[in-house]
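Let me begin by presenting the structure, written as structure tokens, before commenting on it.
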Amino acid sequence: MGLLPATRIGKNGYRNYDQTALVRLQRILMLRDLGLGLPAIGDVIAGQRDDSDALAAHLAWLRDERSRLDKQIASVEATVETLKGGEQLMAEEMFGGFDHTQYREEVVDRWGAKAYADSDRWWRSKSATDKSQRMSQQKQLAAEWMAAAAAGGSPSGDEAQALAERHAEWLGGIPGTPGSETGRPTKAYFIGLGEMYVADERFAAKYGGLEGAGFVRDAMAVYAEKNL
């Protein structure tokens with residue numbers, strides 16, 4: 001992402017970093033420990049976003065997290081009291097404040113606390129029908145990606161680029177996606193996500209393995225260069 005460019009690169013390809021680079025690295029690590037994602041850290045380091053704005057976004061996430069934990073505590077307390085009193089447990093009371101958050105740390109690490117909070121809040125606000133529709137859309141898109149890759153077309157071809165456009169629109173509709181305020185993901189995010197589809201076997205599996213994920217990555221990169 002260019003957050004920590006090498007001071008110089010030797011003939012052997014080794015990257016060398018001087019004292020100024022190490023100071024920069026120290027600041028990057030400090031901001032990361034505060035919960036900022038790499039894109040936000042890049043904005044801060046580049047001077048496009050000051051520390052107070054970045055930390056305000058992290059504070060908003062912490063408050064949301066405190067609210068979620070308060071709901072969980074109240075839910076467990078209610079369950080304990082119900083069990084002590086020998087009363088019938090109610091499912092909607094038992095699971096208040098609990099949700100599918102197994103990827104929270106990974107999302108926060110990659111894209112920041114605000115990105116996670118925004119997308120999590122958006123997902124929780126959806127009805128069961130809405131959630132089912134969104135998941136069906138993603139599965140359909142993945143199936144069409146696999147079919148296009150298996151057909152042996154070019155990542156820059158019309159079919160692949162149409163899929164890439166749909167992919168971008170799908171991501172742009174999710175709050176927390178970098179660039180979602182415009183309805184489209186940022187170029188860096190879209191290209192980086194394509195790279196992750198190949199690097200992470202969990203994502204590669206959704207597109208039929210490394211070969212299929214590589215096709216998706218290449219098509220996304222072509223689309224991003226032309227349109228984002």
Side-chain angles (χ1 to χ4, degrees), residues 1-3 36-50 53-54 56-58 60-61 64 103-104 106-127 130-149 153-200 202-204 206-207 212-228:
M1 294 179 63
L3 284 179
L36 303 186
L38 296 181
I41 291 174
D43 288 343
V44 171
I45 297 295
Q48 298 171 359
R49 183 180 187 186
D50 63 32
D53 287 341
H58 184 53
W61 173 80
D64 284 342
Y103 298 120
R104 180 181 68 81
E106 186 172 350
V107 173
V108 170
D109 185 52
R110 288 180 183 273
W111 295 296
K114 186 177 185 301
Y116 172 79
D118 288 347
S119 59
D120 181 63
R121 188 184 307 109
W122 170 78
W123 185 250
R124 290 172 187 271
S125 72
K126 296 292 182 183
S127 67
D130 289 337
K131 289 179 179 179
S132 178
Q133 289 177 343
R134 290 289 301 187
M135 293 173 69
S136 294
Q137 290 173 359
Q138 191 278 327
K139 290 180 180 178
Q140 179 63 31
L141 189 57
E144 292 185 38
W145 272 122
M146 283 192 285
S154 169
S156 60
D158 291 342
E159 181 181 7
Q161 288 305 292
L163 286 172
E165 183 172 20
R166 283 171 53 194
H167 206 107
E169 291 173 350
W170 185 80
L171 290 167
I174 303 174
T177 297
S180 61
E181 63 277 2
T182 68
R184 294 156 63 85
T186 63
K187 176 180 177 180
Y189 173 80
F190 202 57
I191 291 176
L193 192 63
E195 293 289 350
M196 190 173 71
Y197 288 165
V198 176
D200 192 320
R202 294 170 302 173
F203 289 100
K206 293 180 181 295
Y207 298 103
F215 179 85
V216 177
R217 174 201 59 195
D218 294 344
M220 289 172 68
V222 170
Y223 180 85
E225 291 293 344
K226 291 182 177 179
N227 301 283
L228 299 179

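Reckoned from all heavy atoms, side chains included, excluding hydrogens, waters and symmetry mates.
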message = Please evaluate residues N227 and E165 with respect to the criterion side-chain contact (heavy atoms from CB on, under 4.5 Å), reporting the C-alpha separation (whole Å), side-chain torsions for both, the decisive distance (0.1 Å), and the verdict.
response = CA-CA 9 Å; N227 301 283; E165 183 172 20; over 6 Å; no
ask   = Which atoms form the tightest heavy-atom contact between S154 and A160, and what is the distance?
value = O-CB, 3.5 Å
remark   = Closest non-hydrogen atoms of A219 and A164, given as atom of the first, atom of the second and distance, are O-CB, 4.0 Å
query = Between the side chains of Q140 and E144, does any donor sit under 3.5 Å from an acceptor?
reply = yes
ask   = Which value, rounded to the nearest 0.5 Å, describes the distance between E159 atom CD and W145 atom CH2?
value = 9.0 Å
inquiry  = Please report the interatomic distance NZ(K206) to CD(Q138), rounded to the nearest 0.5 Å.
reply    = 5.5 Å
query = Should M196 and L193 be marked as a side-chain contact (heavy atoms from CB on, under 4.5 Å) after you check the CA-CA gap, both sets of side-chain angles, and the distance that decides it?
reply = CA-CA 5 Å; M196 190 173 71; L193 192 63; 3.5 Å; yes
Flag, side chain of Q161 to backbone of P155, donor-acceptor distance under 3.5 Å = yes
key: Heavy-atom pair with the smallest gap, counting every atom of A224 and I191   = CB-CG1, 3.5 Å
task = Over all heavy atoms of both residues, which pair between F215 and A148 is shortest? Give the atoms and the distance, please.
result = CE2-CB, 3.9 Å
Residue pair K187 / E225, side-chain heavy-atom distance below 4.5 Å = yes
note = CG of L38 to CD1 of I45, rounded to nearest 0.5 Å, is 11.0 Å
inquiry  = Using 0.5 Å steps for rounding, measure from the CD atom of E195 to the CG atom of D218.
reply    = 8.0 Å
ask   = Parallel, tilted or perpendicular for H167 and Y207, by the 30°/60° rule?
value = tilted
note = Tightest non-hydrogen contact, residues A149 and G212, listed as CB-CA, 4.1 Å
inquiry  = Quick check against the 3.5 Å criterion: does T177 have a side-chain atom that pairs as donor or acceptor with the backbone of P185?
reply    = no
